There are 2 protein chains.
Amino acid sequence: MEQVTLKQIAEYLGISIATVSKALKDYPDVSQKTKALVKAEAERLNYQPNSFAVNLRTKESRTIGLIIPEVVHFFFGNIVRAIITEAEKKGYLVIILQSDDNPELEKKQIDLLISKRVDGIMISLANNTVDTSHLQKVMRLGIPLVMFDKISKLVPCSKIIIDDRKAAYEATKHLIEQGCTKIAHFRGPLLPQNSIDRFLGYKKALEDHGLEYNSKHVFLCDPIIYEKGREHANAVLDEGMDIDGIFANTDMVAIGALSVFNERGIKVPQDLKIIGFSNWFISSAMTPTLSTVDQDGIKMGKKVFKRLFKELQAKKNGQLLPPETIAMPTKVIGRGSSMVSKAALTAKS
Amino acid sequence: MEQVTLKQIAEYLGISIATVSKALKDYPDVSQKTKALVKAEAERLNYQPNSFAVNLRTKESRTIGLIIPEVVHFFFGNIVRAIITEAEKKGYLVIILQSDDNPELEKKQIDLLISKRVDGIMISLANNTVDTSHLQKVMRLGIPLVMFDKISKLVPCSKIIIDDRKAAYEATKHLIEQGCTKIAHFRGPLLPQNSIDRFLGYKKALEDHGLEYNSKHVFLCDPIIYEKGREHANAVLDEGMDIDGIFANTDMVAIGALSVFNERGIKVPQDLKIIGFSNWFISSAMTPTLSTVDQDGIKMGKKVFKRLFKELQAKKNGQLLPPETIAMPTKVIGRGSSMVSKAALTAKS
DNA sequence: TTCATAACCGAAAACGTTTTCGTATTTTCG
DNA sequence: CGAAAATACGAAAACGTTTTCGGTTATGAA
């Protein structure tokens, strides 16, 4: 029941604790013979170092913190999965906290992680986090910090993002290439950088292709949920707006809109084309299948941990790496909701 | 940069470390005056106890482990969310590990958690975990253990589950009540208890209602994914099977089947009725909306943590609670995929 | 005043590990 | 053979906290 300690092994073998410790860690100043003896005994007794003591002594916990707005979210899910996996490979454990998009909670959780003495922190900000003092505190304490997806440009730490502006530009361009000329945008909340950037990319694409930007064609989704997509789609129809394309901030919103159009007999993609964002796997299971922008959560998660790990290593060596911002690639995926494919044509004729 | 310690406060105030420690914890043998002094100073210096030292001294980490097959999964997502929230309220941090339904990995992760000296462990087993020695080890070490959802009856610990057999029975009965007489079952893998129970519930419902059980009507989904639903739905059609209802092990599978029927012009629910399992939120966004069995992940998560907490408390008091198995309620939710509602009738007429 | 009691404080051990430094023993080699 | 060097081990401090126990001072009662 009780866990065995170095002391017990030492007493059993009649040698000192120090030697036992060193033997287990293959120090050069322990003879092969005693090493073998100690290791055998440790094995036999199923010795496991007491991590509390190790932590105290080495001042590191081999534990890192991760704060995200929502665990359930499919995109974060992939990121989480990747981070956990990568971290485990390097012997790190991940403590996950969910901010529920609540800046107050986010602050508390940062404090919690600091008090637990995590070695590093990864965070995707709550949508409406404006005060970054808690993050400044993390930096002040010298705790490596990596931000991803939802970032704040005010914090001088490393960041892993996608080029939202470019991705949105490409998505909008895709609709234009499919023949849309009056494109609405179901945008995300006003604050987080990526919903701003997606909006800007959308706007830029219109301008670059000689289409007029109309602020009435921009609908705010706050929060970014299924129902908002439905709401705005209904608004578009009820007000009889002249729209032939929609670029939605997120697949979730796009699917909400799609469900309304299906219900109200609007033919997608013939009457109206839609493209979402994030390539949620279920988007390929809709009828019609949903066009979207693919952002690889797994790859992103890997990158996030790898960056943090680099900074952890650097810190151990007494160095401090200059912050770095890395943009991950994205890709427009054209599907049934924006493309009148040959198959779709056949089915209709 | 460096964290302040009791020693520093003590030196600054010219008193002993012991007194500082006791003052902060409101020991009765410290005067109000020094308590005030110490607290003010601690506040000013932003003192935070070094949890490594606290852990070592108190032999508890206020950290608990959670192992689940898949974080991304919406059902587990809800559970995770609930557990984290509840745990935080009681001052516990949650370390989440993902087993990827891999028993080997699961074993390793248990060891990892043990070596990190978590105070307790919650686990939903990998689908094909048969050897439970790693769990026995947890119990042998006296670490409180709570299993949920995917459990093993061989481990004498507390368990939080749903009554899968009853739920499946109700789901099948629902189809029968809607007029189905030839009901197929897209079942889950052979091993985990809940997919066995769902199958048994399905079978029992058939028998109780005078319908013949036909093993050809049972399709194995291993793993339980969207594609399996498609695959079997196609098989049903290709082989021209005489089927008028499907009870799927999971919404995911049901949605896969639904997409095939939509594509191939099978009218749901007129030609064929479907019911899924778990009430994945997207299931109400399908066309038609998907009937399902609601199992409340949030409630379950809460229950899981609360039970673990109870055992943690008991352990502190030197007690050992007898294991308890709690079944959470479920509810059949009839929607468009199994019910020809008035609205649907109108639309068709 | 004196003694018992209460109130307050601190010394010190303990938790289990890591690591430095010193020392004792053995080996090497001129 | 003797000195230098290599080898092997252990003592002890340190990490920062908690808690027991003993001691000192103040308080009150006799």
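What you see below is based on every heavy atom in this structure, not just the backbone, and it leaves out hydrogens, waters and symmetry mates. Every chain is numbered from 1 and lettered A, B, ... according to where its sequence line falls, protein lines coming before strand lines. Remember, predicted model here, so these are calculated numbers, not experimental data.
Comparing Ala53(B) and Lys35(A) by the nucleotide of DNA chain D that holds the closest heavy atom to each, the one mapping nearer the 5' end is Lys35(A). Mapping Leu56(A) and Ala18(A) onto DNA chain D by nearest heavy atom places Ala18(A) closer to the 5' end of the strand. Comparing Arg57(A) and Pro28(B) against DNA chain C, the residue whose closest nucleotide sits nearer the 5' end is Pro28(B).
A side chain to side chain contact (heavy atoms under 4.5 Å, CB included) with Met328(B) holds for exactly one of Asp296(B), Ile160(B), Ile161(B); it is Ile160(B). Each of Met147(A), Lys303(A), Arg307(A) was compared with Ser158(A) under the side chain to side chain contact (heavy atoms under 4.5 Å, CB included) criterion, and only Arg307(A) meets it. Checked options Gln98(B), Gln109(B), Met122(B); the residue passing with Ile67(B) is Gln109(B) (criterion: side chain to side chain contact (heavy atoms under 4.5 Å, CB included)).
When each of dG16(D), dT19(C), dT19(D) is scored by its nearest atom to the side-chain atoms of Ser21(B), the top-ranked nucleotide is dT19(D). Distance from the side chain of Thr19(A) is smallest for dC9(D) among the nucleotides dT17(C), dC9(D), dT19(C). Side-chain proximity of Tyr47(B) to dC9(D), dC15(D), dT17(D): nearest is dT17(D).
Counting heavy atoms of neighbouring residues, nucleotides and ligands inside a 6.0 Å radius, atom NZ of Lys299(A) does not exceed 12 of them. More than 12 heavy atoms of other residues, nucleotides or ligands shown are found within 6.0 angstrom of NZ on Lys39(B). More than 12 heavy atoms of other residues, nucleotides or ligands shown are found within 6.0 angstrom of NZ on Lys22(B).
Taking atom CG of Leu6(A) as the reference point, atom P of dG10(D) lies 13 Å away to the nearest angstrom. Across the protein-nucleic acid pair, Glu60(A) atom CD and dT17(C) atom P stand 16 Å apart, rounded to whole Å. Note: CZ (Arg117(A)) to C1' (dG16(D)) measures 9 Å, nearest angstrom. The CD atom of Gln32(B) sits 10 Å away from the P atom of dC9(C) (whole-angstrom rounding). The CG atom of Leu13(B) sits 10 Å away from the P atom of dG10(C) (whole-angstrom rounding). The CD1 atom of Ile17(A) sits 12 Å away from the P atom of dA14(C) (whole-angstrom rounding). The distance between atom NZ of Lys7(B) and atom P of dA14(D), rounded to the nearest whole Å, is 8 Å. Rounded to whole angstrom, the span from the CG atom of Leu24(B) across to the P atom of dT19(D) amounts to 13 Å.
Taking 4.0 angstrom as the limit, Lys22(A) places none of its side-chain polar atoms (N or O) nearer than this to OP1 or OP2 of dT18(C). Regarding contacts with the backbone of dC9(C), a side-chain N or O of Thr34(B) is found under 4.0 angstrom from either OP1 or OP2. Put simply, Tyr27(A) has no side-chain N or O that comes within less than 4.0 Å of OP1 or OP2 on dG10(D). For dG10(D), one of the phosphate oxygens OP1 or OP2 lies less than 4.0 angstrom from a side-chain nitrogen or oxygen of Ser16(A). In terms of phosphate contacts, Ser31(A) brings a side-chain nitrogen or oxygen within less than 4.0 Å of OP1 or OP2 of dC9(D).
For dC8(C), the base has no donor-acceptor partner in the side chain of Asp29(B) [N/O atoms by modelled type, under 3.5 angstrom]. Residue-to-nucleotide contacts include no donor-acceptor pair under 3.5 Å from the side chain of Lys59(B) to the base of dG16(C).
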